[in-house]
K.L.:
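To start, I am sharing the structure in question, which I have written as C-alpha cells.
Letters A, B, ... are given to chains in the order of the sequence lines, protein chains preceding strands, and every chain is numbered from 1.
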Number of protein chains: 4
Amino acid sequence: MPKTGPDTTPEADAAPAPAVSVLGQNQYGKAEVRVVRVVREGAVHHLRDLNVSIALSGALDDVHLTGSNANCLPTDTMKNTVYVFAKEHGIASPEEFATRLARHFVTTQPSIHRARVRVEEYAWDRLTDPAAGPAHSFARRGGETRLAEIAYEDGHWQVISGLKGLTVLNTTDSEFHGFAQDPYTTLPETHDRILATEVSGRWRHTWTEDTHEAPDWDTSYRETRAHLLAAFAGTYSLSLQQTMHRMGSRIIEHRPEIAEVRFSLPNKHHFLVDLAPFGLGNDNEVYYAADRPYGLIEATILRAGHEARIPVDHSNL
Amino acid sequence: MPKTGPDTTPEADAAPAPAVSVLGQNQYGKAEVRVVRVVREGAVHHLRDLNVSIALSGALDDVHLTGSNANCLPTDTMKNTVYVFAKEHGIASPEEFATRLARHFVTTQPSIHRARVRVEEYAWDRLTDPAAGPAHSFARRGGETRLAEIAYEDGHWQVISGLKGLTVLNTTDSEFHGFAQDPYTTLPETHDRILATEVSGRWRHTWTEDTHEAPDWDTSYRETRAHLLAAFAGTYSLSLQQTMHRMGSRIIEHRPEIAEVRFSLPNKHHFLVDLAPFGLGNDNEVYYAADRPYGLIEATILRAGHEARIPVDHSNL
Amino acid sequence: MPKTGPDTTPEADAAPAPAVSVLGQNQYGKAEVRVVRVVREGAVHHLRDLNVSIALSGALDDVHLTGSNANCLPTDTMKNTVYVFAKEHGIASPEEFATRLARHFVTTQPSIHRARVRVEEYAWDRLTDPAAGPAHSFARRGGETRLAEIAYEDGHWQVISGLKGLTVLNTTDSEFHGFAQDPYTTLPETHDRILATEVSGRWRHTWTEDTHEAPDWDTSYRETRAHLLAAFAGTYSLSLQQTMHRMGSRIIEHRPEIAEVRFSLPNKHHFLVDLAPFGLGNDNEVYYAADRPYGLIEATILRAGHEARIPVDHSNL
Amino acid sequence: MPKTGPDTTPEADAAPAPAVSVLGQNQYGKAEVRVVRVVREGAVHHLRDLNVSIALSGALDDVHLTGSNANCLPTDTMKNTVYVFAKEHGIASPEEFATRLARHFVTTQPSIHRARVRVEEYAWDRLTDPAAGPAHSFARRGGETRLAEIAYEDGHWQVISGLKGLTVLNTTDSEFHGFAQDPYTTLPETHDRILATEVSGRWRHTWTEDTHEAPDWDTSYRETRAHLLAAFAGTYSLSLQQTMHRMGSRIIEHRPEIAEVRFSLPNKHHFLVDLAPFGLGNDNEVYYAADRPYGLIEATILRAGHEARIPVDHSNL
C-alpha cells in the first residue's frame with residue numbers, strides 16, 4: 001500500500017513550492033541484450049554475435065509523473081523482440097538489424113516517437129577451413145568491437161557506425177616539438193617517439209531516407225576501417241592531432257557515404273626508459289608503457305557542407 | 001624524415017578532391033591525473049584523493065592541419081599544473097579545484113578559449129578517532145564516486161556535480177503492472193518486487209558568474225545526495241521512472257542552487273526464483289540478481305524556467 | 001553424429017602412443033550463483049547478498065575419458081540447490097550456508113567425495129532507521145568483499161574466511177631505508193612516506209570436526225577484520241612486510257579460532273611529486289597515486305604448532 | 001618516531017602469549033612491470049610487449065619481524081633490472097627473458113634462494129607488409145594473452161607456459177545427456193548445443209636442468225596452441241570435460257617437451273531462446289549468451305610417469 005505521510009528530509013523542511021520542476025528529455029529501454037544468430041549452410045555454419053541496447057522516447061510523461069504504465073511497453077518485451085527478429089529476419093549486419101528494430105517500435109507503438117538502437121558486434125574467426133569439410137568452429141577475434149547506433153524519428157534515419165578498442169602503434173616516424181611553453185612546462189622535445197593509441201571512432205552516414213538505397217553496411221565498415229588504419233600507418237606524425245586529422249579526412253575523401261567522423265584517441269604514452277644511471281644509452285629500444293595519466297585527443301572531421309551531429313564526448317572522461 | 005610518397009589505399013584510388021573535409025569541434029588535454037593532497041593539522045591529518053581530466057579548446061587548427069604545435073601547450077604541462085596548484089592552493093573541494101584550473105588555462109594561454117575540467121573524488125574514512133590521539137590512518141570508502149565537471153568560456157561558468165556507482169535497493173513497496181502490451185509481451189505483472197539501481201546522476205548549478213558568490217560545494221553535494229537517497233527510500237514505486245522523477249524533483253524543490261538534474265538508472269533486476277518445481281513457494285524471499293540485459297531509465301528534471309544543458313547520454317549504452 | 005575420421009594436426013603426425021597421458025586432479029561445478037535472501041521481520045527487512053561457486057570432485061574419470069555423464073550431476077542442479085537451500089534454511093552467514101551446501105553434495109551423491117564452496121558476500125547498509133518505521137531500503141557498502149571457502153572431504157572440514165578490496169592508507173609513520181643495494185639500485189631512502197595497500201587476506205579456522213561446536217562466523221569475521229585494521233593503523237612501519245606481519249600476528253594472538261593467516265598486499269605507491277622545477281618544496285603534501293608497477297608483499301603467519309594449508313598464490317600475479 | 005604504547009584492541013584485551021605466531025612462506029617483488037622492446041632491422045621493426053612480475057623468497061625473516069631491510073633488495077631495483085636486461089639481452093621469448101631474470105636474482109643476492117617470474121605477453125600484428133617498404137606499424141591482436149611462469153631454486157628450473165582469454169565456440173557437434181539426477185534436477189537433455197569456453201591453460205615443460213638444452217619456446221607455444229585448438233574443433237563432444245581432456249591429451253601425445261597440462265574452462269552457456277510464446281520454433285538458430293552463473297570445468301592431464309606440479313586453482317573462483 002502506498003505511503004500516505006510525507007517523506008522526511010535530511011534538513012529542516014520548508015513546504016515545497018508546487019510545479020517547481022519540469023520533466024525534460026527522457027528515454028527508457030532494454031540494454032545489453034546478448035544475441036548470437038547461427039546460420040547453417042550445410043556443414044558450413046555462420047554466426048553473428050551482438051549486444052543490443054534499445055532506448056525509446058515519446059509520450060511517456062505519465063509514467064514519470066504518476067507511475068501509470070499505460071504507454072510503457074515493458075523493456076522485457078524489447079528483449080523478446082530482439083530474439084524474434086533475429087529468428088525471423090536474421091542479422092545481415094548490425095546496422096540493418098538495428099534499423100529494423102528501430103522502425104518497429106516507432107511504427108507499432110503510438111506512444112513511441114523516437115527509437116535509438118545501439119549495437120556492439122564481436123567478431124569471430126573460423127578455426128577450420130570450410131573447403132576442408134565441416135566448419136562450425138570459431139575463435140573470438142579480440143581487438144576492436146564494431147559499433148552501430150541507429151536513431152529513427154519523424155521518418156528520418158541517423159546512422160552512426162564505428163569501433164572501439166583498436167590499439168595501434170608506430171615505433172617511429174613520430175615527433176613532438178615546437179610546442180607552447182609556460183612556467184610549468186618541463187617536457188623535453190623529441191624527434192623520434194613511439195606513437196600509440198586505442199582508437200575509438202564514430203562515423204555518421206549521409207543516408208537518412210528510406211527513399212534512397214542504404215549503403216552496403218559491411219563493405220562500408222571494412223573499407224572505413226582500412227582507411228583509418230592506412231592513414232595511421234602512413235602518416236609521418238608531428239602530433240597525434242595531425243595523425244588523427246589524416247585518419248578522418250582520408251575517410252571523408254574516399255568514402256562518399258560518410259558525412260562526419262569523430263575520434264577520441266588516448267595518447268598511450270610509451271616513455272623511453274632512462275638507462276644512464278646504469279651506464280647505458282637507450283637507442284630507442286626500451287620503453288615503459290604507462291597507464292595514467294594519458295593525453296586524450298578528440299576531434300570531428302566533417303564533409304564540407306555537412307553539419308556535426310555526433311556528440312562531442314563519447315569517452316567518459 | 002617525413003615520407004614523400006602518397007599513402008597507399010586499400011582499394012583502387014581516385015585523386016581526392018581538395019578541401020573535401022572540414023575540421024570541426026576538437027579538444028585535447030591530460031586525462032586521469034591522480035593527485036592525493038595531505039593536510040597536516042598537528043597529529044590529525046586530512047586528505048583528498050582526486051582523478052583530474054582536463055580538455056582544452058581554442059585556436060588549435062594548425063596542430064591538426066599541419067602538425068605545428070606552436071599553440072599547443074603539452075598535456076604534460078597540464079599534469080604539472082595540477083600538482084603545483086594542489087601544493088599552492090590545496091584542494092578545498094573538487095569543484096573549487098577544477099574551477100581554479102579551468103580559469104588558469106583560459107586566462108594564461110591566448111590560444112585556449114574554453115577549458116573543461118572533470119574530477120572524480122574517492123572518499124576515505126578515518127580508522128582512528130582524532131580525539132584519541134594521532135589520526136593519520138584511513139580506509140577507502142568504496143561505493144559511489146563523487147563527480148564534478150567545470151567548463152569555462154567567455155567568462156562564464158558551467159558547473160555540473162554528480163556521482164556514480166551508488167547502488168541502492170528496496171526490498172518492497174515497488175510494483176509494476178498496467179503496462180502496454182504487444183504480441184511480444186510475456187512479462188507477468190507484479191505487485192511486490194525488489195527495486196534496485198546503481199545511481200549515476202549529474203546536477204547542474206545555477207551559478208555561472210564570478211560576480212555572484214559560489215555555493216558551498218561540499219554542503220551542496222552532501223545535501224543533494226541525501227535528498228536523492230531519501231526520495232529513493234521514501235517513494236512507493238509504481239515504476240522506476242516514477243522513483244527517478246521523485247529523486248530529481250525533490251532535489252529541485254529543496255536545493256535552490258541546482259537548475260537541472262539528469263539520471264541514468266539501470267534497473268538492476270532481481271528476479272524471484274521459481275521454486276515450484278521443488279514443491280516450494282517463494283514468498284518474496286529468494287531472488288536471483290541478474291547481470292544482463294537490464295532496463296535503463298534516463299531523464300532530465302529541470303527547474304521551471306531553466307534550459308537543459310546536461311548531455312543526454314552519460315552512460316555508454 | 002560423432003566424427004569417425006581422425007582429427008587433423010597442425011604438423012606432420014606420428015601415430016600417438018597409447019596411454020601416454022593420465023588424468024590428474026579434476027573438479028567441476030557452477031560458479032557465480034548470485035542469490036539475494038530477504039527476511040521480513042514485520043516492516044523491518046534484512047538481506048544477505050551472496051555470490052556462490054561450487055566445485056565437486058570424486059569418481060568422475062568417465063566423463064573425461066568417454067563422455068559418459070552417469071556420475072555427473074549437472075551444474076544447473078547445483079544452482080537450483082543454492083536457491084532451494086536459501087529458501088529452506090536461510091543464510092545465517094557465508095560460512096554456515098557454504099557448509100550446508102558442501103555437506104549436501106558429498107553425502108547425497110555417491111560419486112562426489114569432495115566439495116569446495118566459495119562465497120563472496122556484498123554488504124549493504126540501511127538507508128532508514130528501523131526505529132523510525134518501515135526499514136526496507138539499503139545502499140551497497142562498497143569497499144571490501146567478504147570471502148569464505150569451505151572444503152569437505154572424508155568427514156573433515158577446512159574453513160577459510162577472508163576479505164578482498166579493503167584499501168587502507170597511512171599518511172605518515174612509515175619509513176623505508178637501510179635496504180640491500182646492487183648495481184641497479186637507484187631508489188632513495190625515505191623516512192616519511194605514505195603507506196597504502198589493498199588488503200587481500202585469508203584466515204583458516206581451527207575448526208574441522210562436526211563433533212566440536214563451530215565458531216560464531218559473523219563475530220569472528222568482524223573481530224578479525226577489526227584486528228587487522230587496528231594493526232595497520234597502530235604499527236609504526238619500517239617496511240610493508242613488518243606491518244603485514246603485525247596484522248597477521250595480532251589476529252593469531254587475539255583470535256584463538258584462527259590457525260593461519262595469509263596476506264597478499266600490493267604496495268600501492270604514492271610518490272611525492274618533485275616540485276623543485278617550479279621553485280617549490282613538497283613538504284609531504286602532494287602525492288601521485290601510481291597504478292603500475294607496484295610492490296607485492298605476501299606471507300603466511302601461523303599459530304605455533306599448526307601447518308600451512310592456505311595456497312601460497314591467491315593473487316593472479 | 002616509533003610508537004611506544006601498546007596498540008589498542010577492539011575488545012577486552014588479555015595479555016597475549018609470547019611467540020604464539022610463526023612466520024610461514026613469504027615472498028615479495030615488483031608486479032606488472034610493463035616493458036616494450038623494439039628491434040630495428042633497417043626499416044623493418046620488431047617489437048615484444050611484456051608485463052613482468054617478480055617474486056623473491058629467501059632469508060627474509062628480519063624484514064617481517066623487525067623491519068630491518070638489510071636483506072631486502074628494493075622492488076624498485078627489480079623494475080630497473082627488467083629494463084636493463086631488455087636493453088642488454090633483448091627479449092627472445094617470455095620464457096627466455098624470465099629465465100634470465102630469475103637466475104640473476106638467485107645468483108647475485110645471497111639472501112634470495114628462490115625466484116619466480118611471471119610474464120604476460122601481448123601480441124601485435126603488422127599493419128604494413130615488410131616487403132612493401134617501411135614496416136613499423138602494428139595493431140594489438142586482442143584475444144588471448146600468452147603466459148609464462150619460471151621458478152628457479154637450488155639450481156633447478158620449473159617452466160610453465162600457457163595462455164588465457166582465448167574464447168572458442170562450436171555451433172554444433174556437442175550433446176549433454178544421460179547425466180545424474182537428484183530432486184533438484186530440472187535441466188532437460190540436449191543433443192545439439194553450442195559449446196563455448198574461454199580457455200585458460202597452463203602447461204609445464206619437462207626441462208629443469210641447465211645441462212639439457214631448453215626447448216625453442218616460441219615454437220613450443222605455437223604448436224601447443226594449435227593442438228589445443230585442433231582438439232577443440234575436432235572433438236565431437238558429449239561433455240565439456242571430454243573435450244577438455246582431449247585438448248590436454250593431444251598436447252601430451254604430440255609435444256614431448258610438455259609434462260603436464262592444466263585447464264580451467266568456464267562453460268560459456270549459450271541458451272536456446274524459447275520462441276514458442278510467439279508461435280515460432282528455434283531450429284538451433286537463436287541463442288542467448290549468458291554471463292552468470294556458468295559451469296567451471298578444471299582438470300590436470302599428465303604425461304604418464306610424471307607428477308602434478310601446476311597449482312589446482314588458477315582461476316579466482
K.L.:
Report the option among H306(D), R262(D), M244(D) that has the most heavy-atom pairs separated by less than 4.5 Å from atoms of chain C.
P.N.:
R262(D)

K.L.:
Ignoring hydrogens and geometry, is there a side-chain-to-backbone donor-acceptor pair from N267(D) to L296(D) under 3.5 Å?
P.N.:
no

K.L.:
Tell me, side chain or backbone of Q109(C) under 4.5 Å from chain D's heavy atoms, or both, or neither?
P.N.:
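For Q109(C), the contact with chain D is made by the side chain alone.
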
K.L.:
So, are E32(D) and K79(D) salt-bridged, with charged N and O less than 4.0 Å apart?
P.N.:
no

K.L.:
What part of T300(D) gets closer than 4.5 Å to chain C, counting heavy atoms only: side chain, backbone, both or neither?
P.N.:
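Both parts, heavy atoms under 4.5 Å.
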
K.L.:
Looking at P311(C), S249(C), G178(C), which has the largest count of heavy-atom pairs under 4.5 Å with chain D?
P.N.:
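It is G178(C).
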
K.L.:
Where the side chain of N69(C) meets the backbone of L238(D), is there a donor-acceptor pair that is under 3.5 Å apart?
P.N.:
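Side chain of N69(C) to backbone of L238(D): a pair is present.
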
K.L.:
Do R116(C) and D313(D) have side-chain heavy atoms sitting under 4.5 Å apart?
P.N.:
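In short, these two side chains touch, coming nearer than 4.5 Å.
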
K.L.:
Considering only heavy atoms, which portion of T66(C) lies under 4.5 Å from any heavy atom of chain D: side chain, backbone, both, or neither?
P.N.:
backbone

K.L.:
What part of T77(C) is in contact with chain D, defined as an atom under 4.5 angstrom from a non-hydrogen atom: side chain, backbone, both or neither?
P.N.:
both

K.L.:
Mind listing the closest non-hydrogen atom pair of G248(D) and F263(D) along with its distance?
P.N.:
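Heavy atoms only, the tightest pair is N-CE1, 3.6 Å.
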
K.L.:
Between V84(C) and chain D, with a heavy-atom cut-off of 4.5 Å, which part of the residue counts as in contact: side chain, backbone, both or neither?
P.N.:
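Looking at V84(C), just its side chain touches chain D.
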
K.L.:
Between E260(C) and R202(C), is there a side-chain N and carboxylate O pair less than 4.0 Å apart?
P.N.:
no

K.L.:
Where on P74(C) is there a heavy atom nearer than 4.5 Å to chain D: the side chain, the backbone, both, or neither?
P.N.:
both

K.L.:
I'd like to know which of L240(C), D192(C), V63(C), D76(C) tops the heavy-atom pair count under 4.5 Å against chain D.
P.N.:
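Ranked by heavy-atom pairs under 4.5 Å with chain D, first place is V63(C).
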
K.L.:
Mind ranking I297(C), T185(C), I301(C) by heavy-atom pairs under 4.5 Å with chain D and telling me who comes out on top?
P.N.:
T185(C)

K.L.:
Salt bridge (Lys or Arg N to Asp or Glu O under 4.0 Å), that's the test. Do D291(C) and K268(C) meet it? Break it down for me.
P.N.:
CA-CA 7 Å; D291(C) 293 312; K268(C) 292 179 75 76; over 6 Å; no

K.L.:
Using non-hydrogen atoms and a 4.5 Å limit, figure out which bit of Q25(C) sits close to chain D: side chain, backbone, both or neither.
P.N.:
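For Q25(C), backbone and side chain are both near chain D.
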
K.L.:
Contact part of R303(C) toward chain D, heavy-atom cut-off under 4.5 Å: side chain, backbone, both or neither?
P.N.:
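Both backbone and side chain.
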
K.L.:
Would you mind checking if E307(D) and R204(D) are paired as a salt bridge, meaning a charged N to carboxylate O distance below 4.0 Å?
P.N.:
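Not counted as a salt bridge, because no side-chain N and carboxylate O are separated by less than 4.0 Å.
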
K.L.:
Counting distance only, does the side-chain N/O of D182(D) pair as donor-acceptor with the main-chain N or O of Y184(D) below 3.5 Å?
P.N.:
yes

K.L.:
Of the backbone (N, CA, C, O) and the side chain (C-beta and beyond), which part of F105(C) lies under 4.5 Å from a heavy atom of chain D, both, or neither?
P.N.:
neither

K.L.:
If I measure from the heavy atoms of chain C, does H269(D) come under 4.5 Å with its side chain, its backbone, both, or neither?
P.N.:
side chain

K.L.:
Do you know which of I54(C), V261(C), T81(C) has the most heavy-atom pairs with chain D at a distance under 4.5 angstrom?
P.N.:
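When all of I54(C), V261(C), T81(C) are compared, T81(C) has the most.
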
K.L.:
If you count heavy-atom pairs under 4.5 Å between each of T75(C), L187(C), L265(C) and chain D, which one has the most?
P.N.:
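Most pairs with chain D among the choices: L187(C).
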
K.L.:
Looking at H191(C), Q241(C), H245(C), R222(C), which one has more heavy-atom pairs under 4.5 Å with chain D than the rest?
P.N.:
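Winner by heavy-atom pair count: Q241(C).
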
K.L.:
Ignoring hydrogens and geometry beyond distance, is a side-chain donor-acceptor pair present between Q27(C) and R114(C) at under 3.5 Å?
P.N.:
no

K.L.:
Under 3.5 Å, is there a donor on one side chain and an acceptor on the other for T243(C) and S237(C)?
P.N.:
yes

